There are 2 protein chains.
Amino acid sequence: MAATVREVAQLAGVSPSTVSRVFTAPDQVQEATRKRVTDAAQQLGYRPDPAARTLRSGRTESLGLVVPDIANPFFPPIVKAMQARARNHGYTLLVADCDEREADELETIDAIVKKVDGLMLWASTLSDGRLRELAAEIPLVLVNRHVEGIPELRISLTPGISQAAEHLRALGHTSCVFVNCSRPEHLRGKSIRETFDAQGLSVVELGPYDPRFETGLHAATLAVANGATAILAHNDLVAIGVLHQLARSGVDVPGQISVIGVDDTLLAAMSIPALTTIRISPQAVATQAADLIVETINGSAPGRPAEVGSRLIPRASTGPAPHRA
Amino acid sequence: MAATVREVAQLAGVSPSTVSRVFTAPDQVQEATRKRVTDAAQQLGYRPDPAARTLRSGRTESLGLVVPDIANPFFPPIVKAMQARARNHGYTLLVADCDEREADELETIDAIVKKVDGLMLWASTLSDGRLRELAAEIPLVLVNRHVEGIPELRISLTPGISQAAEHLRALGHTSCVFVNCSRPEHLRGKSIRETFDAQGLSVVELGPYDPRFETGLHAATLAVANGATAILAHNDLVAIGVLHQLARSGVDVPGQISVIGVDDTLLAAMSIPALTTIRISPQAVATQAADLIVETINGSAPGRPAEVGSRLIPRASTGPAPHRA
DNA sequence: GTGAAAGCGCTAACAT
DNA sequence: ATGTTAGCGCTTTCAC
């Protein structure tokens, strides 16, 4: 069961190095020899020991991903896709949840740095300095965070926001509310204001709040009081909160108010009415991030940041603006 | 940065063994010596190398969890809680998604067996024989699967189902439909029939289907044609499908039909109307599974299977049965 | 309570 | 194309 290279080598009548080669560089060993080794390995149930391999070679064949909250429905599809992509590259994915807390993030990273060949940090809360230190220690990729000199995957909501603005304008809306739950430095608010302005839509920004269901409840009331006919929420979760509050208040969606979310989590497709939302492709994000970290590990990372876009998924929660009373 | 025990030892004026002890059995070394070592380690930024440690000690300090589909909203809260619990025990959690396919499950397990000290398999599709082989190779815990002689965590829906039956009876329902998506050997159907019978509720079983949203759409139509006043769905996802179809057909929930789900995923709390569901506590599941695998690793596993229960979470999708026409 | 010595299983450098 | 040799960084006897 716990066979070693040496035992396999002996049974196959070759040296340990040859056995090693069969598993790491098969084309360096002759067909016939390779077969003998493979057979011997099979017979003994040999599996290379990753720890020994790592110790000797310095490679773990693992990639680390640190996310703020894996219970956030946005992440599981990304994790799933990334795991598949990592495996294509020959890596195992090690996912760590740091529970949205900075102290935990450091601890979480510490717990896995030495176990992986590269690290992907999602919206890291660490300081620029710490991140630079980290990048000096291990190949690093930042998602949704910019630090000069560190490889980065940017998720751009701009296309989706433009499409949302066009969509709303085409439906005759003029007065919108944006429920903001980003930290100010993210500028999501600014970008939305500019885009909507360009389409001749007025936007009142609410917040910043926490990106929670209850925020949606609260914001819906404010938006109604405000006389808005369209609400763009920070994400699907908040949008669902908005939907709930509107349903509770007897406000018809989309008859009286249109609602748009962000992320296209499964919540969106399954709400009633189904939620119009801005989709960020989990596959695209996962693939790009994985590819980028692998390139970084190989020293072949391109200088410019990778980027994934977004697009509007129109569903039933948006419709024509109501006629003026 | 990449300091070793030897360097730390030298700086602290002690032997490598002492440095090792400071990190693995601190109470075996004197206060003063320990302090010298800790300081030296700090100064050099020393972190023990997990690969070397594993190679020498045979312990990886990691736990593996294999789930059928991490994008299923049932799992992320469990993964999150389990990661926290594992960390409490001093372990890192390695999660692997096998995409509901048996071939992938073997491959997935293979990819991580040698990297963990113990393995938790969720609803494994492997044969009893394979699982026994695996259990001989590595400490193993099965969740939602029974193989004689292998430690097991059982998730019992019985309490939740009883409560659901009582709940429906109290509301005056008599004619129910159960949308089954389990494989027959799971006996979920049988257990529900017996429990509902005992409460004097008639149950028509539909299926088995796949546990998908669309199944709910389809089942809703059948249930209505059937004249049922209550629908118990295989899980929340299916229940939401039912809700959608009913909304589309103008059937009022809970006015005309009551709907109950299973799992209490975030979909349940967020549907409109909010879904009455049978909750399985992710914390309980995660904690029990993690504790069980740790006990198994330590050779202190109890003989009898661990079990976590369930309970009904009444929300807005259930109400009094309509009066007979 | 601390040190010296050995070696976990593998791969990389070098030799052939 | 294959073998020989050495050693990755750590923990674990076994002495003292």
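Keep in mind that what you see is a predicted model, and the values were worked out from it rather than measured. Numbered from 1 within each chain, the chains take letters A, B, ... in sequence-line order.
Under the rule for a side-chain contact (heavy atoms from CB on, under 4.5 Å), the partners of S310(A) that lie at least two apart in sequence or sit in another chain are L157(A), P159(A), I278(A), I280(A). With sequence neighbours left out, E148(A) forms a side-chain contact (heavy atoms from CB on, under 4.5 Å) with R132(A), H146(A).
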Solution key, residues 2-14 of chain A side-chain donor-acceptor pairs under 3.5 Å, sequence neighbours excluded:
{"residue": "T4(A)", "atom": "OG1", "partner": "R6(A)", "partner atom": "N", "Å": "3.3"}
{"residue": "T4(A)", "atom": "OG1", "partner": "E7(A)", "partner atom": "N", "Å": "3.4"}
{"residue": "E7(A)", "atom": "OE2", "partner": "T4(A)", "partner atom": "N", "Å": "3.0"}

Could you give the side-chain donor-acceptor pairs of residues 17-25 of chain B under 3.5 Å, partners two or more places apart or in another chain?
{"residue": "S17(B)", "atom": "OG", "partner": "S15(B)", "partner atom": "OG", "Å": "3.2"}
{"residue": "T18(B)", "atom": "OG1", "partner": "S15(B)", "partner atom": "OG", "Å": "3.4"}
{"residue": "T24(B)", "atom": "OG1", "partner": "S20(B)", "partner atom": "O", "Å": "2.9"}

Under 3.5 Å donor-acceptor pairs involving side-chain atoms of residues 62-82 of chain A, not counting sequence neighbours:
{"residue": "S62(A)", "atom": "OG", "partner": "K115(B)", "partner atom": "NZ", "Å": "3.0"}
{"residue": "D69(A)", "atom": "OD1", "partner": "A71(A)", "partner atom": "N", "Å": "2.9"}
{"residue": "D69(A)", "atom": "OD1", "partner": "K80(B)", "partner atom": "NZ", "Å": "2.6"}
{"residue": "N72(A)", "atom": "OD1", "partner": "F74(A)", "partner atom": "N", "Å": "2.9"}
{"residue": "K80(A)", "atom": "NZ", "partner": "D69(B)", "partner atom": "OD1", "Å": "2.6"}
{"residue": "K80(A)", "atom": "NZ", "partner": "D97(B)", "partner atom": "OD1", "Å": "3.4"}
{"residue": "K80(A)", "atom": "NZ", "partner": "D97(B)", "partner atom": "OD2", "Å": "3.1"}
{"residue": "K80(A)", "atom": "NZ", "partner": "D99(B)", "partner atom": "OD1", "Å": "2.9"}

(request) Go along nucleotides 8-16 of chain D 5' to 3' and tag each nucleotide: B for a protein heavy atom under 4.0 Å from its base, S when only backbone or sugar atoms are that close, - otherwise. (result) BBBBBB---
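Applying the ring pair (Phe, Tyr, Trp, His ring centres under 6.0 Å) test to every pair with at least one member in residues 96-121 of chain B, sequence neighbours left out, gives no pairs at all. The stretch residues 287-308 of chain B participates, sequence neighbours left out, in these salt bridge (charged side-chain N to carboxylate O under 4.0 Å, His left out) pairs: R85(B)-D291(B).
As judged by a 4.0 angstrom heavy-atom cut-off over every strand, T33(A) is placed among residues touching the sugar-phosphate backbone only.
Surrounding CZ of R34(B) are more than 12 heavy atoms belonging to other residues, nucleotides or ligands, all under 6.0 Å away.
Contact footprint of chain B on DNA chain C: nucleotides with an atom under 4.0 Å from a non-hydrogen protein atom, first to last in 5' to 3' order, dG1(C) to dG9(C).
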